[in-house]
Amino acid sequence: MLEYAETHQENMGRYGRENFNFWVELVDTLDNYTKDLAPEIIEMEKDHYKNKKPFGEFYNITAPTAEIERINRDLRRLARSIKQTERIQATR
């Protein structure tokens, strides 16, 4: 998605550029955090957010419960630290 938007930036309006910059920052921030995580943890996060599997199914199997909770806190903190555009904020 970002590759397509990057090649068509000249055709974007103001809001498209703002949203593009937001998504680039979001992807960069989360990719930098997750690059050091174990592949099992990344798969667990995907299963949770894409397939709605509860984290309880992963506790003490994929990783210790405390580690999973710490990673989720860190991910939420990182996501909240990224400044959202005015238009995204207005839809909340």
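Note that the structure is predicted; figures quoted are calculated from it, not measured. Nothing fancy with the numbering, it's 1 onward along the sequence.
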At what distance, to the nearest 0.5 angstrom, does [atom1] of [X] lie from [atom2] of [Y]?
X: Y33; Y: R77; atom1: OH; atom2: CZ; result: 7.5 Å
X: N21; Y: I82; atom1: CG; atom2: CD1; result: 12.5 Å
X: R76; Y: S81; atom1: CZ; atom2: OG; result: 13.5 Å

>> The criterion is salt bridge (Lys or Arg N to Asp or Glu O under 4.0 Å); which residues satisfy it with D28, sequence neighbours excluded?
In response: none
>> Going by salt bridge (Lys or Arg N to Asp or Glu O under 4.0 Å), name the residues that satisfy it together with R73, two or more places apart in sequence or in a different chain.
In response: none
> Can you list the residues that meet the side chain to side chain contact (heavy atoms under 4.5 Å, CB included) rule with D31, with sequence neighbours excluded?
Replying inline: V27, T34
> What residues, two or more places apart in sequence or in another chain, satisfy side chain to side chain contact (heavy atoms under 4.5 Å, CB included) together with I61?
Replying inline: none
Report all side-chain donor-acceptor pairs from residues 40-56 shorter than 3.5 Å, counting only partners two or more places apart or in another chain.
unit_1	atom_1	unit_2	atom_2	d
D47	OD1	N51	ND2	3.0
H48	ND1	K53	O	2.7

> Under the side chain to side chain donor-acceptor pair (under 3.5 Å) rule, what pairs show up with a residue in residues 56-72, not counting sequence neighbours?
Replying inline: N60-T65, R70-D74
